[in-house]
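Small disclaimer: the values here were computed from a predicted structure and weren't measured.
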Amino acid sequence: MMMMSSSYSSTILFITMIFGVMGSLLLLLILMKYFLPTKPQNLPAGTMGWLPFFGETLAFLKPHNSNSLGSFLQDRCLRYGKVFKSHLFGSGAIVSCDVELNMFILQNEEKLFEAHYPKSMHGILGKYSLLVVSGDVHKKLRNIIVRFINSSKSQPKFLACVDNLVISMLKSWNDRTQVSFFKEAKRMTLSVMVKSVLNIEPDDPLTVQILEEFETYMKGFVSLPILFPGTSYYKAIKARERLSSIVKGIIKERVLGKTTRNEVGEEELFLDMIIEKEENLSEEEKLSIVLDILLGGYETTATLMSLLLYFISNQPHVFQQLKEEHQAIRENKKDGEPLNWEDYKKMDFTSHVTCEAMRCGNVVKFVHRKALQDVKYKDIVIPSGWKVFPIFTGVHFDESLHDKPHDFNPWRWTSTDNNKEMRKKVTPFGGGPRLCPGSELAKVVIGFTLHHILLNYRWKIKADESPLAYPYVEFRRGLILEIEPAENTYINITN
């Protein structure tokens, strides 16, 4: 009886083990089917990584100098070519560092491809952010933002606001030997946008609060989407809720009090326009438009401005030509006369330097797209539902497109023919229907800022510093500048 019982128990144990192994294999097959993409024909070469769901995402997002490809792209482009497959953000993905394929993707927005950012970003941005909406909603919201940009960029009131705030920033540097420029630039550019959009003064405590909330908001973009108190993602969502509450409160005050502009002569504010004239917008759409303009108008502008100072700090010949251009502009103005639109249009070399800083610095490294159907491009097929990543950095540092691509050389933009060709090969603001609407506004703010800094201060970068892609650009030490007043300053910066 004991022998039979032992044999029976062994048989049961063996059967249990067999079913356990089979169950594990079945579970593994289900996980592989769910997490790993199928392998259709004509995919480019590449690897899918070994981590379930994440694939190669962590390696793809590894911080690196923004004025370089980074090890992930460099290694895979050498191994597989400019277009390769991967597994990113939970999906099979085609990664493109090829200029022609990138333009094909951007120009076929809403036809063959659509914007497809991770769900975690939707939680931070909101469902009506210009970055995540598509179709008619995107077109409607984008047109409103474009109207704001076009009406503001040459408006005397806006230009005077920029001019005054830049001078105010420089005067605050009096008796200081060093400044954390990235922080200063963010404070100044946000002050410009808050004043222009919400009519809030730079010294208002609300302006400081908005800046702090946006700083928290930005850190959540590349954090793990863990909605738990204390995490960066959780803090970012809460920061957006507080920003939304601030803007809703301002909108409510304006609707009730209508105190946003003087009775006579004052130009209409953007917030007035969307309250009074955009009746077809929901409250959430109005809110998203305001937050998109504030974020885009301050964050990317401050980043690009900091990149400019970083690059020209080590380029004395670039610095000298810039200074000569701005001295010529200043010589034709009366004492104390502010800059205007005509002055901005004279900043030709400044424009070339700005474009080169965008090419080398890569404020935006890539964008998220998804194939709406199987897409055949040359000899490859992009499967329906796969993610597609046009990598701007890969094109900007392509040796077949740019002579010595890692050299900062604004003169590559100077001739008319060169400028046209370069604009086909450099896409810092995206392209197609989603081309960033605020690029010209950013260039105005940067041009005015450079004008005043070049003619009133000398500087050099303290310690070892470089711009890092997270993938958004940051400076590890905040771009600390050692400063001293220049000779023959034209404004009294000691006041």
Practice task
Might you work through the side-chain hydrogen bond (donor to acceptor under 3.5 Å, both in side chains) test for Glu324 and Gln320, ending with a clear yes or no?
Solution key: CA-CA 6 Å; Glu324 289 172 2; Gln320 186 58 37; 3.2 Å; yes
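- Atom CD1 of Ile483 is separated from atom CD1 of Ile453 by 9.5 Å, given to the nearest 0.5 angstrom.
- Under the 3.5 Å distance criterion, the side-chain polar atoms of Glu110 are matched with a main-chain donor or acceptor of Gly135.
- Looking at Asp398 and Ser400, their side chains do bring a donor and an acceptor atom within 3.5 Å of each other.
- Between Asn102 and Ser96, the shortest heavy-atom contact is OD1-OG, 2.7 Å.
- Taking CD of Glu299 as the reference point, atom CG of Leu304 lies at 11.5 Å (rounded to 0.5 Å).
- Lys376 NZ: more than 12 foreign heavy atoms inside a 6.0 Å radius.
- Considering only heavy atoms from C-beta on, Pro383 comes within 4.5 Å of Leu43 through its side chain.
- Once rounded to the nearest 0.5 Å, the distance linking CG of Leu130 with CG of Leu125 reads 10.5 Å.
- Remark: the backbone N or O of Leu287 is not paired with any side-chain donor or acceptor of Tyr128 at under 3.5 angstrom.
- Trp386 CH2 to His87 NE2: the interatomic distance, rounded to the nearest 0.5 Å, is 8.0 Å.
- Nearest heavy-atom pair, Leu159 versus Lys153, reported as atom, atom and distance to 0.1 Å: CD2-O, 3.2 Å.
- Remark: Lys219 NZ is loosely packed, at most 12 non-hydrogen atoms of other residues, nucleotides or ligands lying under 6.0 Å away.
- Side-chain contact between Met305 and Val445 is present, with heavy atoms from C-beta onward closer than 4.5 Å.
- Of the possible polar contacts, one joining the Thr216 side chain to the Glu212 backbone as a donor-acceptor pair under 3.5 Å is found.
- Judged as a ring-ring contact (aromatic ring centres under 6.0 Å, His included), and not counting sequence neighbours, the contacts of Tyr377 are Phe104.
- Considering only heavy atoms from C-beta on, Val426 stays 4.5 Å or farther from Glu421 through its side chain.
- At least one side-chain heavy atom of Leu455 sits less than 4.5 Å from a side-chain heavy atom of Lys323.
- A donor-acceptor pair under 3.5 Å is formed between the side chain of Ser151 and the backbone N or O of Phe148.
- A cation-pi arrangement is found for Lys186 relative to Phe182, the charged atom lying closer than 6.0 Å to the ring centre and inside a 45° cone about the ring normal.
- The CD atom of Glu487 lies 5.5 Å from the CZ atom of Arg458; values are rounded to the nearest 0.5 Å.
- Between the side chains of Ser66 and Asn362, no donor-acceptor pair is found at a separation under 3.5 Å.
- For the pair Tyr298 and Val192, the minimum side-chain heavy-atom distance is 4.5 Å or more.
- The stretch residues 300-309 participates, sequence neighbours left out, in no side chain to side chain donor-acceptor pair (under 3.5 Å) pair at all.
- Side chains of His402 and Asp407: no donor on one and acceptor on the other come within 3.5 Å.
- The closest donor-acceptor contact from the side chain of Glu465 to the backbone of Leu479 lies under 3.5 Å.
- In terms of modelled atom types and a separation under 3.5 Å, the side chain of Ser313 and the main chain of Leu309 share a donor-acceptor contact.
- Judged purely by atom type and a 3.5 angstrom limit, Ser172 uses its side chain to pair as donor or acceptor with the backbone of Met169.
- For Lys235, there are no salt bridge (Lys or Arg N to Asp or Glu O under 4.0 Å) partners, not counting sequence neighbours.
- Listed here is the closest heavy atom pair of Gly394 and Leu69: CA-CD2, 3.5 Å.
- Looking at Ser244 and Arg240, their side chains do bring a donor and an acceptor atom within 3.5 Å of each other.
- Evaluation of the ring-ring contact (aromatic ring centres under 6.0 Å, His included) rule for His406 yields Phe397 as partners, not counting sequence neighbours.
- The aromatic rings of Phe84 and Tyr80 sit tilted relative to each other, their planes meeting at an angle between 30° and 60°.
- Looking at heavy atoms from C-beta onward, Leu101 lies out of side-chain contact with Pro390 at the 4.5 angstrom threshold.
- Looking at every heavy atom in both residues, Cys355 comes nearest to Arg423 through SG-NH2, 3.9 Å.
- For Glu342 against Asn340, the heavy-atom pair with the smallest separation is N-OD1, 3.1 Å.
- Atom CZ of Arg477 has more than 12 neighbouring heavy atoms from other residues, nucleotides or ligands inside a 6.0 Å radius.
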What pairs of donor and acceptor atoms, side-chain ones from residues 363-371 against any protein atom, are under 3.5 angstrom apart with sequence neighbours left out?
from	atom 1	to	atom 2	distance (Å)
His368	ND1	Lys387	NZ	3.0
Arg369	NE	Glu109	OE1	2.9

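- The main-chain N or O of Gly126 is never found under 3.5 Å from a side-chain atom of Ser129 such that the two would form a donor-acceptor pair.
- A donor-acceptor contact closer than 3.5 angstrom links the side chains of Ser86 and Glu56.
- No more than 12 heavy-atom neighbours from other residues, nucleotides or ligands sit within 6.0 angstrom of NZ on Lys183.
- Interatomic distance, CD1 of Ile382 versus CG of Leu372, reported as 11.5 Å (0.5 Å rounding).
- The side chain to side chain donor-acceptor pair (under 3.5 Å) contacts involving residues 343-359 comprise Glu325-Thr350, His326-Thr350, Lys333-Asp343, Tyr344-Glu440, Glu356-Arg359, Glu356-Arg412, Glu356-Trp413, where partners must be two or more places apart or lie in separate chains.
- Listed here is the closest heavy atom pair of Tyr233 and Gly220: CD1-O, 4.2 Å.
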